[in-house]
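In what follows, a single structure is set out as structure tokens and then discussed.
Ligands are counted one by one from 1 in listed order, and the atoms in each one are counted from 1 as well. This structure is a prediction, so every number in the text was calculated from the model and none was measured. Counting begins at 1 with the first residue of the sequence.
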Amino acid sequence: MSRKYVIAGNWKMNKTSEEGADLVKEIVGAVGQQSDVEVVVCPPFTVLESVSRVIEGSNVKMGGQNMHPAVSGAYTGEISAEMLRNHFSSYVILGHSERRAYFAETDDFINQKVKVALENQLRPILCVGETLEEREAEKTLDVVKTQLVGGLAGVSAEQIGSVVIAYEPVWAIGTGKVATPEQAQEVHAFIRQSLSELYDKAVADKVRILYGGSMKPGNAAELLAQEDIDGGLIGGAALDSNSFIDLVKSAIAQD
Ligand code: PGA
């Protein structure tokens with residue numbers, strides 16, 4: 001089964017408009033014309049406009065890091081799916097563990113966002129993953145399944161093809177502690193198996209499942225070589241053009 005790799009950069013709360021444009025110029029220059037790997041950058045909202053100008057005419061795509069499910073209204077500090085589309089976003093990261101932990105996002109709320117994103121032609125990157133405590137209590141697969149089933153409730157077999165799943169063990173995010181390829185593959189295979197139960201095997205075989213959590217050029221090749229790992233959601237290493245470009249090249253080399 002050939003699935004196109006996705007290398008997505010989650011910039012989190014980093015970069016001004018100018019810094020973001022500079023970073024993306026280098027990415028576009030190095031890997032903006034190839035089409036073997038899908039390259040996505042997810043800058044802060046204030047940087048979407050400057051980045052959108054730089055990626056125009058290239059194959060680099062852009063996404064938001066979050067959105068609110070309502071169309072518009074009294075939601076101070078939030079932005080809608082339409083606003084993201086209006087700024088040329090094609091993806092949106094939803095349910096990131098930092099949103100779950102610091103902003104108390106529930107599976108139900110994340111599910112509302114997933115559905116609204118899909119209705120607005122935005123591809124959700126739905127994040128799931130366990131904490132260290134949950135892993136040590138051998139609850140990893142249960143936690144991931146609950147987040148997956150909750151996040152995808154009401155998403156149809158046609159829509160699931162537009163969804164990207166990111167498995168991000170919370171204990172590996174920003175910590176330098178990466179999951180071993182075997183640990184990651186076990187959960188990725190479990191996610192694909194769960195998708196096959198929720199939909200069917202043919203549908204599950206098409207969904208891209210990314211790994212996230214301290215992925216960097218030194219450890220990417222062996223993670224990306226795993227059967228069910230179809231790319232990466234990159235935090236820290238996405239803030240430096242050289243390491244991000246190396247990660248894209250590492251995915252190209254897997255083809
Ligand atoms: P990290 O972050 O690569 O810095 O661990 C990944 C993420 O949070 O998406």
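Heavy atoms of A172 come nearer than 4.0 angstrom to ligand 1 in at least one pair. Using 4.0 Å as the threshold, S214 has a heavy atom nearer than that to some atom of ligand 1. Ligand 1 is never approached by G212 to a heavy-atom distance shorter than 4.0 Å. Residue H96 places a heavy atom under 4.0 Å from ligand 1.
The pair E49-R53 meets the salt-bridge criterion, since a charged nitrogen lies less than 4.0 angstrom from a carboxylate oxygen. A salt bridge is defined here as a Lys NZ or Arg NE, NH1 or NH2 lying under 4.0 Å from an Asp or Glu carboxylate O, and K216 with D246 fails to meet this definition. Salt bridge status for E197 with K145: present, with a side-chain N to carboxylate O gap under 4.0 Å.
Distance from atom 7 (C) of ligand 1 to its nearest protein heavy atom, with residue and atom name: E168 OE2, 3.1 Å. Taking atom 4 (O) of ligand 1 as the reference point, the nearest protein heavy-atom neighbour is G236 N, 2.8 Å. With hydrogens left out, the protein atom closest to atom 3 (O) of ligand 1 is G235 N, 2.8 Å, a heavy atom.
Ligand 1 has no nitrogen or oxygen under 3.5 angstrom from a nitrogen or oxygen of G213. Close N/O approach between G174 and ligand 1 is found [any backbone or side-chain N/O within under 3.5 Å]. Considering backbone and side-chain atoms together, A237 places no N or O closer than 3.5 Å to any N or O of ligand 1.
Between the Q185 side chain and the D228 main chain, a donor and an acceptor come within less than 3.5 Å of each other.
Interface of K12 with ligand 1, defined as ligand atoms under 4.0 Å from a residue heavy atom, comprises 2 (O), 7 (C), 8 (O).
The parts of I173 lying near ligand 1 are both backbone and side chain, judged by heavy-atom distances below 4.0 Å.
With sequence neighbours excluded, the residues forming a side-chain contact (heavy atoms from CB on, under 4.5 Å) with E186 are L141, listed by chain and number.
In summary, the side chains of Y199 and E158 do not present any donor paired with an acceptor at a separation below 3.5 Å, with no hydrogens or angles considered. Between the side chains of W171 and E133, no donor-acceptor pair of N or O atoms lies under 3.5 Å.
What you find for W11 and P44 is that their closest heavy atoms are CE3-CD, 4.1 Å.
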